[in-house]
Amino acid sequence: MLQPLRMWHPIVAQIGAPMQSLGTFDYIIVGAGSAGCVLANRLTRDPKVRVLLLEAGGKDNWIWIHIPVGYLYCIGNPRTDWCYTTREEPGLNGRAIGYARGRVLGGSSSINAMLCIRGQREDYDGWAGLGNPGWGWDDVLPIFKRFEDYHLGADEFHGEGGEWRVERQRLKWKLLESFREAAKQSGIPETDDFNRGDNEGCGYFEVNQRNGVRWSASKAFLRPAMQRPNLTVVTGALVQRLTFEGTRISGIEFLEGAVQRSAQSRVETILSAGSIGSPQILQLSGVGPASLLRDRGVPVAVDLPGVGENLQDHLQLRTIYKVQNVRTLNEWYHRPTGRIEMALQYAFTRRGPLTMAPSQLGAFTRSDPSRTRANLEYHIQPLSLDKFGSPLHTFPAFTASVCNLQPRSRGWVRIATSDAHDAPSIAPNYLDDEDDRLVAADALRLTRRIMAAPAMRPFAPEEYLPGASYQTDEELARAAGDIGATIFHPVGTCKMGPDTDPMAVVDARLRVRGVQGLRVVDASVMPTLTSGNTNTPTMMIAERASELILEDLAARR
């Protein structure tokens, strides 16, 4: 029978309480996020395979998880978010920023932007070129198609009938149509599909929704699997450490509320806790850079220097322009009856602003013509606010956010203490590389060129943030540090690579080096960032990993 789902609550384990074992499973999966939900579904298709899925957060039964605009209430809320904070970043002019990661069934897919972006052909061919066979574009495209349910049906690039629903957004704005035309006038062509391997162009994002409701990994993959008697799901499970038998991972120890529990894995333990959680668990278990572990008082089991290193993220530069003669969400929101109108429209038609993803219109382009492929992504929104969680501005304005898709700066995730309750130290090192600062300056200049295009002139756009006074490369890089924030795409902290790469944590089959019976399956294994939003690529990794895991199981039998 399935274990009952339990909400997380921060109670320290009772001192001296005996360890309670849940028993032995074939596979233990840590993290019921985008990757963990896919794995749980695929591995339990075989009724002979017993799987334990652990999630630190609670059930996804809160209404704001499912209403698309509810991300405003989920991010920064400990009910659904780990609420991490980075260190004070030199590249952000000494600022520390919030670093949201999903802490709920469905993980970040329950709180994210719902934008379905695969990335570029060159991203995956680059992975293969780094010594990771089986991960090139021609290898992964069939996997993307297999789990997709595309609104236009199957074709050369899309699948139909899979679990992962992809739909068009359910509203348009005149301002966004004009930006799209201005982008075209500035040399960025129109496109109707960002997911064919070359995402250059401007068009509307397609979203992971079903009829105006968020479609998360939990809904798509986990809920169907929870009907199977060979899957046990435990929420409120804070993992403390992996357990060893010699060089083999034998299981896991965790807290469920105030109760100290353990479980054993007959075949493998799989970390799917994400680019922050997976390296943290490895380090707490003595797998990581030996000097760091000794400094934190953790006995060294395996000296693996790449654990927690190679952190990469997309830095979002949020520019804001005041406009005239056109409607934005700012005025609608502040109208006396505006929010009532929005709520009624959503309740009766599942349309309107409450269906909005954080960004509706997107553009992929190059920061300068010398770039060999699109290295910028725009997220365009018909609204503006001072910072995430603040009220919308009272004046008409819109936001044109832009990020560097292929940053060269590298950061890290390192445990701060040996206690699993303590958040790790997170240092993305944004704008640490000179090329990233140049791309930031060029991106802000390109935004200004688009704003000056004929299609935008009727709205008299006025740069509100960062402000027109910033002009030189140095000034614009400093402005980028003032307005930059994460767009929530951390990857790379347990990267895959060949034996010749001393910083590789897992091999191309996602097995952790130096131990047996342990894999990492989540965005942390990406050796480099994909050129776009990372949720759907993470699911692809889990789908591919399930094939590899089941191949090994068949060989074992």
Side-chain angles (χ1 to χ4, degrees), residues 3-23 25 28-33 35-37 40 51-60 77-85 99-108 110-111 218 222 232-244 249-265 269-288 296-298 307-308 413-426 493-494 518 520 522 524:
Q3 290 284 341
L5 296 171
R6 303 170 176 87
M7 292 297 293
W8 172 84
H9 50 94
I11 302 176
V12 178
Q14 299 170 358
I15 297 175
M19 183 83 69
Q20 297 183 15
S21 175
L22 286 183
F25 300 81
I28 299 174
I29 303 170
V30 179
C37 289
V51 175
L52 171 64
L53 177 63
L54 302 176
E55 167 56 41
K59 293 185 288 186
D60 58 334
N77 185 335
R79 178 172 182 165
T80 49
D81 181 2
W82 282 95
C83 298
Y84 293 124
T85 302
Y99 217 65
R101 295 284 85 200
R103 185 176 188 163
V104 64
L105 290 179
S108 291
S110 291
I111 68 172
S218 175
L222 182 57
T232 299
V233 179
V234 180
T235 57
L238 180 65
V239 171
Q240 296 175 292
R241 65 185 63 84
L242 304 168
T243 56
F244 284 80
I249 300 300
S250 59
I252 204 152
E253 295 179 359
F254 64 98
L255 286 171
E256 185 186 0
V259 180
Q260 186 82 42
R261 294 193 184 276
S262 66
Q264 290 69 50
S265 54
T269 298
I270 305 166
L271 296 182
S272 295
S275 292
I276 308 303
S278 287
Q280 180 189 23
I281 292 168
L282 286 171
Q283 291 171 7
L284 289 171
S285 306
V287 180
R296 302 299 187 266
V298 176
V307 174
V413 174
R414 299 169 183 165
I415 54 172
T417 73
S418 60
D419 190 335
H421 291 89
D422 295 334
S425 179
I426 303 170
T493 49
C494 297
L518 179 64
V520 178
D522 56 34
S524 71

Visitor: How would you list, by chain and number, every residue that makes a salt bridge (charged side-chain N to carboxylate O under 4.0 Å, His left out) with R101, sequence neighbours excluded?
Guide: none
Visitor: Do the side chains of V298 and Q283 get nearer than 4.5 Å, heavy atoms only?
Guide: no
Visitor: Quick one: does E253's side chain get under 4.5 Å of T243's, heavy atoms only?
Guide: yes
Visitor: Tell me the closest heavy-atom pair linking G288 and V307, and the distance in Å.
Guide: CA-CB, 3.8 Å
Visitor: Can you tell me if T493 uses its side chain to pair, donor with acceptor, with the backbone of I276 under 3.5 Å?
Guide: no
Visitor: Compare every heavy atom of Y84 with every heavy atom of P424, then report the nearest pair and how far apart it is.
Guide: CD-CE2, 3.8 Å
Visitor: Closest heavy-atom contact between S265 and G251?
Guide: OG-N, 3.8 Å
Visitor: Enter the distance from Q20:CD to Q260:CD here, rounded to the nearest 0.5 Å.
Guide: 9.5 Å
Visitor: Starting at OG of S425, measure out to CD of Q280 and round the result to the nearest 0.5 Å.
Guide: 11.0 Å
Visitor: Measuring from atom CD1 of I426 to atom CZ of R414, what distance do you get when rounded to the nearest 0.5 angstrom?
Guide: 12.5 Å
Visitor: Please report the closest heavy-atom contact between V239 and F254, naming both atoms and the distance.
Guide: CA-CB, 3.7 Å
Visitor: Any donor and acceptor pair, going by atom type alone, linking the side chain of S275 with main-chain N or O of S524 inside 3.5 Å?
Guide: yes
Visitor: Under the side chain to side chain contact (heavy atoms under 4.5 Å, CB included) test against L52, which residue among L22, V233, T269, I29 passes?
Guide: L22
Visitor: At their closest point, which heavy atom of S272 faces which heavy atom of G36, and how far apart are they?
Guide: CB-N, 3.9 Å
Visitor: Would a 4.5 Å heavy-atom cut-off, applied to side chains only, mark L242 and L271 as touching?
Guide: yes
Visitor: Strictly by modelled atom types, are D522 and S278 linked by a side-chain donor-acceptor pair under 3.5 Å?
Guide: yes
Visitor: Any non-hydrogen side-chain atom of R261 less than 4.5 Å from a side-chain atom of V234?
Guide: no
Visitor: Where is the tightest heavy-atom contact between L53 and A32, given as atom of each residue plus distance?
Guide: CD2-CB, 3.7 Å
Visitor: Would you say that T85 contacts Y99 through its side chain, given a criterion of any heavy-atom pair below 4.5 Å between the two side chains?
Guide: no
Visitor: Taking atom CD1 of I252 and atom CD1 of I28, what is their separation to the nearest 0.5 Å?
Guide: 6.0 Å
Visitor: Is there a side-chain contact between L282 and V520 (heavy atoms, below 4.5 Å)?
Guide: yes
Visitor: Any chance you could measure I415, atom CD1, to I281, atom CD1, to the nearest 0.5 Å?
Guide: 11.5 Å
Visitor: Considering only heavy atoms from C-beta outward, does the side chain of S21 approach that of M19 to under 4.5 Å?
Guide: no
Visitor: Could you measure the distance from the CZ atom of R296 to the CG atom of L284? Nearest 0.5 Å is fine.
Guide: 11.0 Å
Visitor: Please lay out, stage by stage, how D60 and S110 fare under the test side chain to side chain donor-acceptor pair (under 3.5 Å).
Guide: CA-CA 8 Å; D60 58 334; S110 291; 4.8 Å; no
Visitor: Kindly indicate whether the side chain of F244, heavy atoms from C-beta on, has any atom under 4.5 Å from the side chain of V287.
Guide: yes
Visitor: For the pair S285 (side chain) and R241 (backbone), establish whether a donor and an acceptor sit closer than 3.5 Å, ignoring hydrogens and angles.
Guide: no
